[in-house]
Amino acid sequence: LTKNVSGFQNNAFGNRALKNNTSGYDNNAIGQAALTSNTTGYSNIGIGPDALNQNTTGYENVAIGQQSLYYTNGNGNTGIGVGSLYYNTTGTYNTALGYYAGYEDGSFRTSYNLQNASAIGAYSQVQQSDSIILGRSGSGSATTKIGIGTTAPTDLFSISPDIYDTGTAGTGGVSSTTVTGSGTTWTSNMVGMEIIFSNGVKATITAFSSTTSITVTPAITVDDGTDYRIHNRAFYVTSTGSAGLRSSTNSATAFNVQNA
């Protein structure tokens, strides 16, 4: 705050933090060179080395993480994570959450002048205003799978509600395609669904033997007495664009097209 003239209610902690502030107010800078270029910008929060480093007049931005919102002179942006919204300059009301979110992923970068755009998840990038991107885009294992109702989505996008989780189950601690339940009342409707155990092991149910025995693929190793959930892949879209829809029980009305 060596150049401060009329600014008030500012807090600066760290070498060169808020060094050039003149009349900006209600700013908080924590970390080396955080908000170091700020002159008249107000109500900004920069936490981390070089957070909001180049901001001069932008206001009401929140940057948490090294070099978060580094080039910003826009307003109302929120970046949480190392490098989040790094190249944003004049964009406003954007949000990035995660490591390199809104920064770059290889040669793909988040655009510098977006409005009302959000990138959520490590390496997630957004290149169009008024858009929300969930997770990393790309090919192969780098692509983020989005799941609703499940802890381990199989598909690019999956709505897979928990339809049964009573009792416990396991394979006796050995590799097997047979899962044995305790206190369970499994049914044949569960064939085709996924069983996910509390330790993250999952498999697809391929056959029903009894209320306490099912067959799965691939073979898995799970101790008996493990908590589990059976998820119905109610709606899903695969990485190749294939889509599926199924109800949790056999029903002639599982899919309806209705008029106005």
Side-chain angles (χ1 to χ4, degrees), residues 28-38 41 43-160 200 235-243:
N28 289 278
I30 302 175
Q32 176 177 294
L35 278 162
T36 191
S37 301
N38 193 80
S43 298
N44 296 293
I45 298 174
I47 301 176
D50 292 311
L52 280 163
N53 181 282
Q54 297 294 300
N55 184 75
T56 56
T57 60
Y59 55 85
E60 296 177 343
N61 296 292
V62 176
I64 301 176
Q66 183 176 358
Q67 297 185 329
S68 176
L69 284 161
Y70 185 91
Y71 283 110
T72 288
N73 257 302
N75 311 315
N77 298 289
T78 300
I80 300 177
V82 171
S84 53
L85 285 171
Y86 180 91
Y87 286 116
N88 182 74
T89 54
T90 58
T92 58
Y93 311 116
N94 300 298
T95 301
L97 174 62
Y99 182 83
Y100 271 33
Y103 179 8
E104 63 183 10
D105 184 7
S107 60
F108 281 80
R109 291 179 176 177
T110 286
S111 302
Y112 67 91
N113 60 348
L114 301 179
Q115 319 294 315
N116 306 309
S118 299
I120 301 174
Y123 290 103
S124 57
Q125 310 300 321
V126 58
Q127 298 177 312
Q128 176 178 285
S129 294
D130 303 302
S131 302
I132 297 176
I133 303 301
L134 301 178
R136 190 178 192 180
S137 302
S139 61
S141 60
T143 301
T144 300
K145 296 180 177 68
I146 298 171
I148 298 175
T150 176
T151 56
T154 296
D155 305 292
L156 185 63
F157 176 72
S158 179
I159 299 175
S160 304
F235 177 73
Y236 61 88
V237 179
T238 70
S239 59
T240 60
S242 298

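Starting from 1, each residue takes its place in the sequence as its number. Excluded from the calculations below are hydrogen atoms, water molecules and symmetry mates; all remaining heavy atoms, backbone and side chain alike, are included.
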- Decide whether Thr56 and Asn73 meet the rule of one side-chain donor and one side-chain acceptor closer than 3.5 Å. yes
- Item | More than 12 heavy atoms from other groups under 6.0 Å of CD on Gln127 | yes
- Message: Looking at Gly65, is its backbone amide N or carbonyl O close enough to the side chain of Ser68 to form a donor-acceptor pair, meaning the two atoms are under 3.5 Å apart?
- Response: no
- Say whether, by atom type as modelled, one donor and one acceptor occur between the side chain of Ser124 and the main chain of Gly135 under 3.5 angstrom. no
- Could you check whether the rings of Tyr123 and Tyr99 sit parallel, tilted or perpendicular, using 30° and 60° as the cut-offs? perpendicular
- Message: Strictly distance-based, threshold 3.5 Å: is any side-chain N or O of Thr92 a donor or acceptor partner for the main-chain N or O of Gln115?
- Response: no
- Query: Under 30°, 30 to 60°, or over 60°: which ring-plane class applies to Tyr70 and Tyr86, parallel, tilted or perpendicular?
  - Reply: parallel
- Can you name the nearest heavy-atom pair linking Ala101 to Gly121, along with the distance? CB-O, 3.5 Å
- Item | Worked check of ring pair (Phe, Tyr, Trp, His ring centres under 6.0 Å) between Tyr87 and Tyr103 | CA-CA 6 Å; Tyr87 286 116; Tyr103 179 8; 5.3 Å; yes
- Query: Do the non-hydrogen side-chain atoms of Phe157 and Ile148 ever get within less than 4.5 Å of each other?
  - Reply: yes
- Going by distance alone, is a donor N or O of one side chain under 3.5 Å from an acceptor N or O of the other, for Thr72 and Asn55? no
- Note on the structure: Of all heavy-atom pairs linking Gly48 and Ala34, the shortest is O-CB, 3.8 Å
- How long is the gap from CG on Asn28 to CD1 on Ile47, to the nearest 0.5 Å? 7.5 Å
- Query: Less than 4.5 Å apart, any side-chain heavy atom of Pro153 and any of Asp155?
  - Reply: no
- Task: Measure across Asp105 and Gln125 and return the closest heavy-atom pair with its distance rounded to 0.1 Å.
- Result: N-NE2, 3.7 Å
- Query: Would Leu52 and Asn38 count as a side-chain contact (heavy atoms from CB on, under 4.5 Å) if you check the C-alpha gap in whole Å, the side-chain angles of each, and the deciding distance to 0.1 Å?
  - Reply: CA-CA 8 Å; Leu52 280 163; Asn38 193 80; over 6 Å; no
- Task: Indicate yes or no for a side-chain donor-acceptor contact from Asn61 to the backbone of Asn44 under 3.5 Å, with no hydrogens or angles considered.
- Result: no
- Message: So which atom in Ala33 and which in Asp50 form the shortest heavy-atom distance, rounded to 0.1 Å?
- Response: CB-OD1, 3.3 Å
- Query: Of all heavy-atom pairs between Leu69 and Val62, which one has the smallest distance, and what is that distance?
  - Reply: CD1-O, 3.2 Å
- Message: Are Asn75 and Glu60 packed together at the side-chain level, in the sense that at least one heavy-atom pair is separated by less than 4.5 angstrom?
- Response: no
- Query: Would you find a donor on one side and an acceptor on the other, under 3.5 Å apart, between the side chain of Ser111 and the backbone of Asn113?
  - Reply: no
- Item | Heavy-atom neighbours of Tyr112 OH exceed 12 at 6.0 Å | no
- Item | Where Ala96 and Leu85 come nearest, the two heavy atoms and their spacing | CB-CG, 3.6 Å
- Message: Between Thr78 and Thr95, do the side chains contain a donor N or O and an acceptor N or O under 3.5 Å apart?
- Response: no
- Message: Please check if the number of heavy atoms outside Leu134 that lie under 6.0 Å from its CG is greater than 12.
- Response: yes
- Message: I'd like to know if the side chain of Ser84 and the backbone of Val82 have a donor-acceptor N/O pair within less than 3.5 Å.
- Response: no
- Task: Ignoring hydrogens and angles, tell me if any N or O in the side chain of Thr110 forms a donor-acceptor pair with the backbone of Val126 under 3.5 Å.
- Result: yes
